[in-house]
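The chains referred to below are lettered A, B, ... by the order of the sequence lines, with proteins before strands, and numbering in each begins at 1.
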2 protein chains.
Amino acid sequence: MRKALTIGCLARTAGVNVETVRYYQRVGLIREPRKPPSGYRVYPPEMVDRIKFIKRAQPLGFSLQEIADLLELGDGHCADVRVRAEEKRAQIQQQITDLTALKTTLDGLITACQSENDTAYCPIVESLAGKQA
Amino acid sequence: MRKALTIGCLARTAGVNVETVRYYQRVGLIREPRKPPSGYRVYPPEMVDRIKFIKRAQPLGFSLQEIADLLELGDGHCADVRVRAEEKRAQIQQQITDLTALKTTLDGLITACQSENDTAYCPIVESLAGKQA
DNA sequence: GAGAACTCCGTATATAGGTACAGAGTCTCA
DNA sequence: TGAGACTCTGTACCTATATACGGAGTTCTC
């Protein structure tokens with residue numbers, strides 16, 4: 001019989017700490033499997049990808065709560081999925097726009113690194129100088 | 001005479017808390033102006049944009065340390081600017097790629113919201129399913 | 001020139017996202 | 001079958017990123 005996916009195995013496979021898995025359970029980000037009479041919980045294999053997703057979404061600027069929202073959309077507990085998905089998409093589009101601006105600025109720095117730069121002007125700051133505030 | 005840009009005025013204009021400005025000074029993210037004999041520090045006007053930049057970079061997934069790095073690049077304290085800028089650019093490109101994948105998945109959810117979704121399969125998770133780990 | 005509003009400095013508190021550890025029970029495998 | 005590895009629960013601790021507060025001094029405004 002294949003080894004059961006217990007919490008330690010899950011954590012190792014997904015590349016996180018066991019305590020992190022427990023933490024995600026505590027805050028409701030992932031479901032805790034029913035505790036079998038024996039006492040050791042067994043996780044479904046998809047849980048590995050779910051945790052990997054979380055770990056990749058974080059450095060994109062999503063909080064755990066936002067990630068929970070995204071996952072819920074994917075889980076298809078519909079109702080207002082469409083509306084919420086559209087909101088998320090708009091937010092993500094804004095992030096892409098900002099990052100693209102930043103990247104363009106870095107391109108400039110890279111190709112013209114002989115910066116005649118003794119002024120208070122900072123090209124990096126300019127890149128996100130949206131006048132929205 | 002125009003009102004001097006004291007810390008309160010700076011904070012208000014940039015849309016942050018006074019304590020946040022002090023905090024950024026403490027951690028070295030922005031420079032604290034020399035204290036005049038009177039005791040009230042005066043900030044240069046560019047500081048407003050610098051703080052706004054920080055506040056826009058954070059939700060893109062950058063830590064304060066990473067933002068400090070970016071700003072330093074822009075400030076042109078060269079030496080290894082080119083190399084560091086190239087690293088940052090690569091990182092940002094990866095973020096853009098990931099976000100684009102996520103957005104594409106949301107597009108799918110939005111156009112085909114009648115999800116025949118009773119399986120363990122989750123399209124959102126799939127979107128970042130890079131097999132890099 | 002007096003009171004309100006502001007600044008300074010130091011310290012304390014808050015929240016998110018983990019990580020660590022203790023003590024007791026369970027599983028695995030030679 | 002017994003030692004070592006693992007899990008469970010609960011609680012404590014840690015870092016990053018702020019935010020709040022108290023008491024003393026400064027500036028603005030009327």
> Between G39(A) and G39(B), which is nearer to the 5' end of DNA chain D once each is assigned its nearest nucleotide?
Replying inline: G39(A)

>> Tell me every residue that passes side-chain hydrogen bond (donor to acceptor under 3.5 Å, both in side chains) with T97(B), counting only those two or more places apart in sequence or in another chain.
In response: Q93(B)

Show me the donor-acceptor pairs within less than 3.5 Å that the side chains of residues 22-29 of chain B make with the rest of the protein, sequence neighbours left out.
residue: Y24(B); atom: OH; partner: K55(B); partner atom: NZ; Å: 3.3
residue: Q25(B); atom: OE1; partner: Y43(B); partner atom: OH; Å: 2.5

> Starting at CG of N17(B) and ending at P of dT13(C), how long is that distance when rounded to a whole Å?
Replying inline: 18 Å

> K55(B) side chain N/O closer than 4.0 Å to the phosphate oxygens (OP1, OP2) of dT17(D)?
Replying inline: no

> Can you tell which of T13(B), I30(B), T20(B) makes a side chain to side chain contact (heavy atoms under 4.5 Å, CB included) with I51(B)?
Replying inline: I30(B)

> Please give, in whole Å, the distance from dT7(C) C1' to K35(B) NZ?
Replying inline: 9 Å

Can you name the atoms? Protein N/O to nucleotides 2-5 of chain C N/O, anything below 3.5 Å, with the distance.
none

> side-chain hydrogen bond (donor to acceptor under 3.5 Å, both in side chains) with E86(B): which residues, sequence neighbours excluded?
Replying inline: none

> Who pairs with E66(B) by salt bridge (charged side-chain N to carboxylate O under 4.0 Å, His left out), at least two apart in sequence or on another chain?
Replying inline: none

> Between dT17(D) and T20(B), is there an OP1 or OP2 to side-chain N/O distance shorter than 4.0 Å?
Replying inline: no

> Taking CD from E19(B) and C1' from dC9(C), how many angstroms apart are they, rounded to a whole number?
Replying inline: 11 Å

>> Does dC6(D) have OP1 or OP2 under 4.0 Å away from a side-chain N or O of T6(A)?
In response: no

> Where along residues 58-68 of chain A does a heavy atom fall under 4.0 Å from DNA chain C?
Replying inline: Q58(A), S63(A), L64(A)

> What residues, two or more places apart in sequence or in another chain, satisfy side chain to side chain contact (heavy atoms under 4.5 Å, CB included) together with A85(B)?
Replying inline: L106(A), I110(A), L73(B)

> With sequence neighbours excluded, what pairs up with N17(A) under the side-chain hydrogen bond (donor to acceptor under 3.5 Å, both in side chains) test?
Replying inline: none

> Which residues in residues 21-30 of chain A have at least one heavy atom lying under 4.0 Å from any atom of DNA chain C?
Replying inline: Y23(A), Y24(A), R26(A)

>> Would you say R41(A) places a side-chain N or O within less than 4.0 Å of OP1 or OP2 belonging to dC8(D)?
In response: yes

>> Does anything in residues 101-110 of chain B form a salt bridge (charged side-chain N to carboxylate O under 4.0 Å, His left out)? List the pairs, not counting sequence neighbours.
In response: R89(A)-D107(B)

>> Quick one, Q95(A) with Q95(B), criterion side chain to side chain contact (heavy atoms under 4.5 Å, CB included). Give me CA distance, side-chain angles, the key distance, then yes/no.
In response: CA-CA 9 Å; Q95(A) 286 180 254; Q95(B) 286 180 255; over 6 Å; no

>> Output the rounded distance in Å from CD1 (I7(B)) to C1' (dT19(D)).
In response: 13 Å

> With sequence neighbours excluded, what pairs up with E32(A) under the salt bridge (charged side-chain N to carboxylate O under 4.0 Å, His left out) test?
Replying inline: R41(A)

>> Please enumerate all residues that pass salt bridge (charged side-chain N to carboxylate O under 4.0 Å, His left out) together with E87(B), with sequence neighbours excluded.
In response: none

>> Output the rounded distance in Å from CD (E32(A)) to C1' (dT7(D)).
In response: 12 Å

